[in-house]
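Not measured: the values here are computed from a predicted model. For ligands, and for the atoms within them, numbers begin at 1 and follow the listed sequence. Below, all heavy atoms of this structure are taken into account, side chains as well, without hydrogens, waters or symmetry copies.
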Amino acid sequence: MDLERLLTDRLTPAFTAVADGPVDPVVRRSPRADFQSDAALALARRLGRSPREIAQAVLDRAVLDDVCATAEVSGPGFVNLTIDDGALAGMVAALAADDRLGVPVTAAPETVVVDYSGPNVAKEMHVGHLRSTVIGDAAVRLLGWLGHRVVRVNHLGDWGTPFGMLIAHLVDLGEAEAAQELSIGDLDGFYQAARSKFDADPAFRDRARQRVVALQGGDPETRRLWRLLVEQSQRYFLTVYQLLDVTLTEGDFRGESAYDDRLGAVVGDLDRLGLLTDSAGATCAFPPGFTGRDGTPLPLIVRKGDGGYGYPATDLAALRLRTGELGATRLLYVVGLPQRQHFAMVFAVAGQAGWLRPPARAEHLGFGSVLGPDGRMLRSRTGESVKLVDLLTEAVTRATALARTKNPALDEADAAEIGRAVGIGAVKYADLVTDRTRDYVLDWERMLALDGNTAPYLQYAYARTRSVSRRAGTAVDPDARVVLTAPAERALAFELLGFATVVHEVARTMEFHQLAGYLHRLATRFSAFYERCPVLRADGELRASRLLLTDLTGRTLRQGLYLLGIRTVERM
Ligand code: ARG
């Protein structure tokens, strides 16, 4: 178990007894001892006792003998704790013997729906969809590894009035030509052409409107053309997912159209519950607590003036299905922050309707924008939004070139494999390493640097653990006695023991930058250990122990990176 946590568990009852009320001992790593608690200092005034006296009283009560070599009061009233070498070695050995690296499968599995990616048919995926796809996939991997039943939902934008114009344009082009344009990923070209005709040509506009009516009325020919658009776009999105190395598959598409036949019932039920009001011709819900700048209540439009249903109604129907029919108790929506209010209102209305009640809860995992080096929204040189495939291809090209310069002896296939793992890994890591809600700047130099908080740095650290193991010439002995003496060795051990805590914390908060930060710290500790503690040149028991630590570090890095969706390679 994580030592900070273990010590916290041991100190809390002692502090609480001494202070006669709950106290968090705030245990931290310390340069003076292994760990330190300074909680006594903050209690002094309230208890009217000196901090040193309080610290001593806590130590008199706390049970620490089995974990600590020394536990003493120091300075103005710190509690300094030094972990017993034998106890530490025992914990590391137990970790090494555990396939799951100290992270048990959850005792309370739940059904979690992760709604992510969600691109729109016949429209290019943009960097916002990239972020959603990367973050959502990390959520899926993490929760799945912990033993939850995870349902991936790709809420594809495949429905609504724009399809009238898209189908009319498809008919103008001819099916073969349209399919060709869409499958090569010229989605924006297709969309723009339809849009300009719609804006300029009244006859086209008429045909587009008739197509909307026909589509909604279930006209077979129109439906067939619509399906063609959807399928070609899906095929293209799947190539992007493959390049991006995410777990989304064809079976995960559950587009807006899938809820079409439920919208009437959803709105009918909301109406029966008395939650709907007519407002300026539209049918709206006014969930309490949402007001505009002037204080007037904000509407969530569930049916538009023309009788059509829109985005909010679809999300209400989808939510109801997820809790009601899929039995999900946790709903995650990985969608950009501009949609924050939309989701807050949808969740509020679903709560009023009884479709979202404890233990079921919904979380909007909002995220910021991707910025170009100029600090503005990322654009291509010609000013359009950047095409996702172009970005990913560039990442792989750059990383492959880098791998070749680093190691000119690499053969073609190895260079390609490394280039892919590092290029795609760098893009994903750049996305996950900063607080999700912040914007981040896409900066190739920084993302691909071998010496920063980057994917290549971590991948390199992993490859190094592998190379040490290979050069050892003997298999790692899983039962080797763990010997921890050097400070760098102990620091590495403490870090390794912290994996489980971070994983559980991130499963709760979905703040993947915490996991990224942990892996970076672990890689840094390993690097210091490797510099100061000879592994291959050590002898006997010490050598076996250090090889075990090296191997355990490698396994932890690989598992952590896997959870972030990042591949490792055996050599770099
Ligand atoms: N298609 C939407 C967009 O591009 C994202 C869908 C998000 N998911 C949802 N359930 N609304 O903005």
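Taking the charged nitrogens against the carboxylate oxygens, R224 and E175 do have a contact shorter than 4.0 Å, which makes a salt bridge.
For R209, the salt bridge (charged side-chain N to carboxylate O under 4.0 Å, His left out) criterion is met by no residue, not counting sequence neighbours. Taking F499 as the reference, Y518 meet the ring pair (Phe, Tyr, Trp, His ring centres under 6.0 Å) condition, with sequence neighbours excluded.
Under 4.0 angstrom from ligand 1, there are no non-hydrogen atoms of L156.
Remark: the T568 side chain and the R558 side chain contain no N/O donor-acceptor pair separated by less than 3.5 Å.
Residue contact check: D315 has heavy atoms under 4.0 Å from atoms 9 (C), 10 (N), 11 (N) of ligand 1.
Not one N or O of H342 is nearer than 3.5 Å to an N or O of ligand 1, by distance alone.
At the top of the distance list for atom 8 (N) of ligand 1, counting protein heavy atoms only, stands D115 OD1, 3.1 Å. With respect to atom 9 (C) of ligand 1, the closest heavy atom belonging to the protein is H155 CD2, 3.4 Å. Among all protein heavy atoms, the one lying closest to atom 12 (O) of ligand 1 is Q339 NE2, 2.9 Å. Scanning the protein for heavy atoms near atom 2 (C) of ligand 1, the closest one is G118 O, 3.5 Å.
Side-chain contact between L388 and H126 is absent, with no heavy atoms from C-beta onward closer than 4.5 Å.
Under a 4.0 Å heavy-atom criterion, H129 is in contact with ligand 1. Under a 4.0 Å heavy-atom criterion, Y311 is in contact with ligand 1.
W159 pairs in a ring pair (Phe, Tyr, Trp, His ring centres under 6.0 Å) with only one of the listed residues (Y309, Y259, W226), which is W226.
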